[in-house]
Structure formats: C-alpha cells, structure tokens
Amino acid sequence: MFVNSVIARTGQSWKLWLAIVLMVIGSFAPLWEGFRIDWTLGTILVVVGYAFGVWFITCPSCGNRWFWSAALDATLYGPLFKASACPSCKQDFPSRPG
Ligand SMILES: [Zn+2]
C-alpha cells in the first residue's frame, strides 16, 4: 500500500501505520468492554496517534511536516499518497528496493 508514495519512499510508512493503528484502537476499542479501554483513554490514543503522525512524518530534505501541511491544506493529501516528490520542496525520492 502506498509503495510509490513519498511516504513509503522515505521509509516512513511504519509511522503512518502506527498513527492509524493508534487512532483506530482509540476510536473503536472503547466500544467493547473486553479491551478495558474507556473513552478517556481512547481519546488520548487518538490524539497521540494523530500528533505522532503529524509531528514525526517529515520531509528528509526540507523538514516539512507533511501531515501538518495537509491538515492546513487538504489538497496536499493526494500528493502525499500518490506522488514521489515532497509537495513542499519538490525533492524527488527514489523508490526503495523491496
Ligand atoms: Zn521537502
């Protein structure tokens, strides 16, 4: 998934996945008592997951926080998942083996 995106090409897919997993757990785990996660903890997980993705997924070239930029300008989400270049500095990243 997103293998040719600038996120994958800069080796940051795991950060995106971690952010998504935290947000999904925080959103849905409180619905089932078995998880022992209440809405307070769930909300914290969502906020932490979101903040993690926004803060740590950055351009290795110019340091732009891609998801922060995308939060301010939603048209940037497309390029982040499809393009191989940084939407800020236009640095093009080579695809990674594997
Ligand atoms: Zn950049």
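Computed from a predicted model, the values in this text were never measured in an experiment. Numbers here simply count residues along the sequence, with the first being 1. Numbering of ligands and ligand atoms starts at 1, following listing order.
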**OP:** With rounding to the nearest 0.5 Å, note down the distance linking CG in Asn4 to CZ in Phe81.
**Re:** 14.0 Å
Can you give me the closest heavy-atom contact between [X] and [Y], atom names plus distance?
{"X": "Asn64", "Y": "Ser69", "result": "OD1-OG, 3.0 Å"}
{"X": "Val6", "Y": "Thr10", "result": "O-OG1, 2.8 Å"}
{"X": "Ile57", "Y": "Lys15", "result": "CG1-CB, 3.7 Å"}

**OP:** Please identify each residue that fulfils ring pair (Phe, Tyr, Trp, His ring centres under 6.0 Å) with Phe28, with sequence neighbours left out.
**Re:** none
**OP:** Could you grab the protein N, O or S atoms closer than 2.8 Å to the Zn ion (ligand 1) for me?
**Re:** Cys59 SG, Cys62 SG, Cys86 SG, Cys89 SG
Original post:
Relative to the ring of Trp66, is the ring of Phe93 parallel (under 30°), tilted (30 to 60°) or perpendicular (over 60°)?
Top reply: perpendicular
